Trainee: 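Structure provided below as structure tokens; questions to follow.
Keep in mind that this is a model prediction, so the values were computed, not measured. Numbers for residues simply follow the sequence, beginning at 1. Both counts, for ligands and for their atoms, begin at 1 and track the order of listing.
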Amino acid sequence: MSLPKYEILIGGKWRAAASGETFETDNPYTGEPWALIPRCGAADAEAAVEAASEAFETGPWAGTNASQRGALLRRLGDLLAENAEALAQTEVRDNGKLIAEMLAQTRYLPQWYYYYGGLADKIEGGVIPTDKAGVFNYTRWEPLGVCVAIVPWNSPLLILAWKLAPALAAGNTIVVKPSEFTSVSALEFGRLIEKAGFPPGVVNIVTGFGGEIGAALVEHPKVAKIAFTGGEMSGARVYESAARGLKHVTLELGGKSPNIVFDDAILEDAVKGAISGIFAATGQTCIAGSRLLVQKSIHNEFVDKLVAFARTAKMGDPSLFETQVGPVTTPPQYRKILDYIAIGKSEGADIVLGGKPADKEKFGGGRFIEPTIFTGVGNRMRIAQEEIFGPVLSVIPFADEEEAVRVANDTIYGLAAGVWTQSIRRAVLMAERLKAGTVWVNTYRAVSFTSPFGGYKRSGIGRENGADAIYEYLQQKSVWISTATEVPNPFVLR
Ligand code: NAD
């Protein structure tokens, strides 16, 4: 049986890659290929950036005002809402995440387009009360030009929305490159972009591998900004290449987030928080609470409760609503997680749950790994320091607040942190002392279009979400108009 063949979108036209080449994308639940994706290269990068550049400079988009852009974004939000179910099914098929989570995500997605659509015409310049006599000075916020959005596989449409909505609200044009493992949802979403009425070339979607089309887009001299979400190593490569071209960047990278349980926490709530931090999305989230710091006085009791709860997690077919743990999305990720489980064992940590692949026969033939909990983990072990991006939890005991802060911050990352306590003093002080872009107290894994998201340290540069994120896609211009009746001495700085 031949597989459906998808096409890329460049300058308002659907077409194959210039080379005509394709690659297979598989269903992580079955491990079977189910669609063919264009394998784009430098020629497609050139065509996509040229189309975006032309749309920015001379197309109807250039003459569109901010209120009109807002209306287009809101129309796109409506179309997304109408198609949320179909898009969720695609995501499940292509990346293996749970239907329950993907449906919640695709139903939530329109909010990004409504929010930034609403914000588009509220970005105001200022009139500067300048010290100079005889001049009128004001500021304008202007778009950067052609932006490139590079997206990973774990939440393809959600992470795309974090980039696309503010970039378009600000008036930029864009080239989107989804992950080679999960390209289909972006291509299907492209149909909605067309239907919403965005002029040709405003949004272009190309597919393929990071080192091929991804690198070619980042290097292209007509690209003004790269908005990247992905791993730290690829992020560093993108940053280097962008630096050579003096381009704007936002980088949303990895994490090794501490989830800290104090002895005054409501333990049942904290257990759910720990589970949500590491086993939701099969641990394949940048904000995974993969280091669970537990106060020594409750350590054993807490681990018992945690293991008992985790044991009940229902693994299986991600397209069923009752499933709680799905497959691992990509083959390299599957191998990486198993390698880290072996590393944890060799480092001397104790496995109290899981620790091996799940029975393939029972679980659809796909890439399943049992939810795994290591205890007796020291914070210098590799399983405590390196991002695993899978259902593997390292439990680390601590004595008091001082030690909790020291261990929590002893990482190269700083994306998120969780704190479980009933003490308001402790909550406020921990939120202040933890070096992370997001701190959750008595909750975990909450994100919203309204609230800034991003990393400290090696977890990233810049912020997405929230009103300020639109400025990541704008540049400020200062305009001086003379109101003087006489021209002052031309040889002296005014
Ligand atoms: P990845 O870095 O392998 O790939 C991400 C994207 O970058 C893909 O589209 C890939 O094709 C592209 N890419 C790779 N190398 C490139 C290069 N040299 N030039 C241009 N593009 C390149 O990451 P992944 O495995 O898809 O995703 C998992 C990683 O993403 C994890 O580290 C995770 O923490 C991170 N992540 C971060 C956030 C966040 O918001 N901070 C969110 C989700 C995922």
Trainee: Taking 4.0 angstrom as the limit and counting only heavy atoms of P178, give me the atoms of ligand 1 inside it, by number and element.
Mentor: 9 (O)

Trainee: Heavy atom to atom 35 (C) of ligand 1, shortest distance: which of G230, G254, G454, G437 holds it?
Mentor: G230

Trainee: Using the six-membered ring wherever Trp is involved, compare the ring planes of Y108 and W112 and label them parallel, tilted or perpendicular (cut-offs 30° and 60°).
Mentor: perpendicular

Trainee: Quick one: nearest non-hydrogen protein atom to atom 11 (O) of ligand 1, plus distance?
Mentor: E180 OE1, 2.6 Å

Trainee: State whether a side-chain donor-acceptor pair under 3.5 Å links E472 with T250.
Mentor: no

Trainee: Would you mind running through ligand 1 and noting each atom that sits below 4.0 Å from a heavy atom of S234?
Mentor: 1 (P), 2 (O), 3 (O), 14 (C), 15 (N)

Trainee: For A215, take its heavy atoms, then give the atoms of ligand 1 lying under 4.0 Å from any of them.
Mentor: 19 (N), 20 (C)

Trainee: Report the nearest protein non-hydrogen atom to atom 34 (O) of ligand 1: residue, atom name, distance rounded to 0.1 Å.
Mentor: E387 OE2, 2.6 Å

Trainee: Do the numbers put R191 on top of the ring of W14, so that NZ or CZ is under 6.0 Å from the six-membered ring centre and no more than 45° off the axis?
Mentor: yes

Trainee: Would you say ligand 1 has an N or O under 3.5 Å from any N or O of K177?
Mentor: yes

Trainee: Which ligand 1 atoms, with their elements, are less than 4.0 angstrom from a heavy-atom of I159?
Mentor: 42 (C), 43 (C)

Trainee: Select the closest option to atom 6 (C) of ligand 1 among V148, V151, V176, judged by heavy-atom distance.
Mentor: V151

Trainee: Under a plain distance cut-off of 3.5 Å, with no hydrogens placed, do E219 and S241 share a side-chain donor-acceptor pair?
Mentor: no

Trainee: Return the residue, atom name and 0.1 Å-rounded distance of the protein heavy atom closest to atom 22 (C) of ligand 1.
Mentor: G210 CA, 3.4 Å

Trainee: Check each atom of ligand 1 against the heavy atoms of L415 and keep those under 4.0 Å away; list them by number with element.
Mentor: 41 (N)

Trainee: Determine whether the side chain, the backbone, both or neither of F453 has a heavy atom under 4.0 Å from any heavy atom of ligand 1.
Mentor: side chain

Trainee: Tell me whether the guanidinium CZ or amine NZ of K457 lies under 6.0 angstrom from the six-membered ring centre of Y413 and within 45° of its axis.
Mentor: no

Trainee: Among all protein heavy atoms, pick the one closest to atom 27 (O) of ligand 1 and tell me residue, atom and distance.
Mentor: P152 CB, 3.3 Å

Trainee: Any idea which protein heavy atom is nearest atom 23 (O) of ligand 1, and the distance to it?
Mentor: G231 N, 3.3 Å

Trainee: Quick one: does G460 get a heavy atom under 4.0 Å from ligand 1?
Mentor: no

Trainee: I need the atoms of ligand 1 closer than 4.0 Å to a non-hydrogen atom of N154, numbered in the order shown.
Mentor: 43 (C), 44 (C)

Trainee: Checking a contact table here: which protein heavy atom is nearest atom 42 (C) of ligand 1, and how many Å away?
Mentor: C286 SG, 2.9 Å

Trainee: What I want to find out is whether K163 reaches E464 closely enough, with some N-O distance under 4.0 Å, to be called a salt bridge.
Mentor: yes

Trainee: At a 4.0 Å threshold, what atoms of ligand 1 neighbour a non-hydrogen atom of F228?
Mentor: 2 (O), 7 (O)

Trainee: When you check the side-chain N and O atoms of D94 and W153, is any donor under 3.5 Å from an acceptor?
Mentor: no

Trainee: Walk me through whether V377 and I383 qualify under side chain to side chain contact (heavy atoms under 4.5 Å, CB included).
Mentor: CA-CA 8 Å; V377 178; I383 54 165; 3.9 Å; yes

Trainee: Does the distance from a Lys or Arg side-chain N to an Asp or Glu carboxylate O, for K177 and D44, drop under 4.0 Å?
Mentor: no

Trainee: Counting non-hydrogen protein atoms only, what is the nearest one to atom 20 (C) of ligand 1? Give residue, atom name and distance.
Mentor: G214 C, 3.3 Å

Trainee: What I want to find out is whether R15 reaches E7 closely enough, with some N-O distance under 4.0 Å, to be called a salt bridge.
Mentor: no

Trainee: Return the closest protein heavy atom for atom 24 (P) of ligand 1 as residue, atom name and distance.
Mentor: W153 NE1, 3.4 Å

Trainee: If you take the nearest heavy atom of each of L251, L253, T229, I150, which one is closest to atom 5 (C) of ligand 1?
Mentor: T229

Trainee: Are W420 and N259 linked by a side-chain donor-acceptor pair shorter than 3.5 Å?
Mentor: yes

Trainee: For ligand 1, which atoms sit closer than 4.0 Å to a heavy atom of V238?
Mentor: 19 (N), 20 (C)

Trainee: Take atom CD of E50 as the centre, draw a 6.0 Å sphere, and report whether it contains more than 12 heavy atoms from other residues, nucleotides or ligands.
Mentor: yes

Trainee: Are E252 and F453 packed together at the side-chain level, in the sense that at least one heavy-atom pair is separated by less than 4.5 angstrom?
Mentor: yes

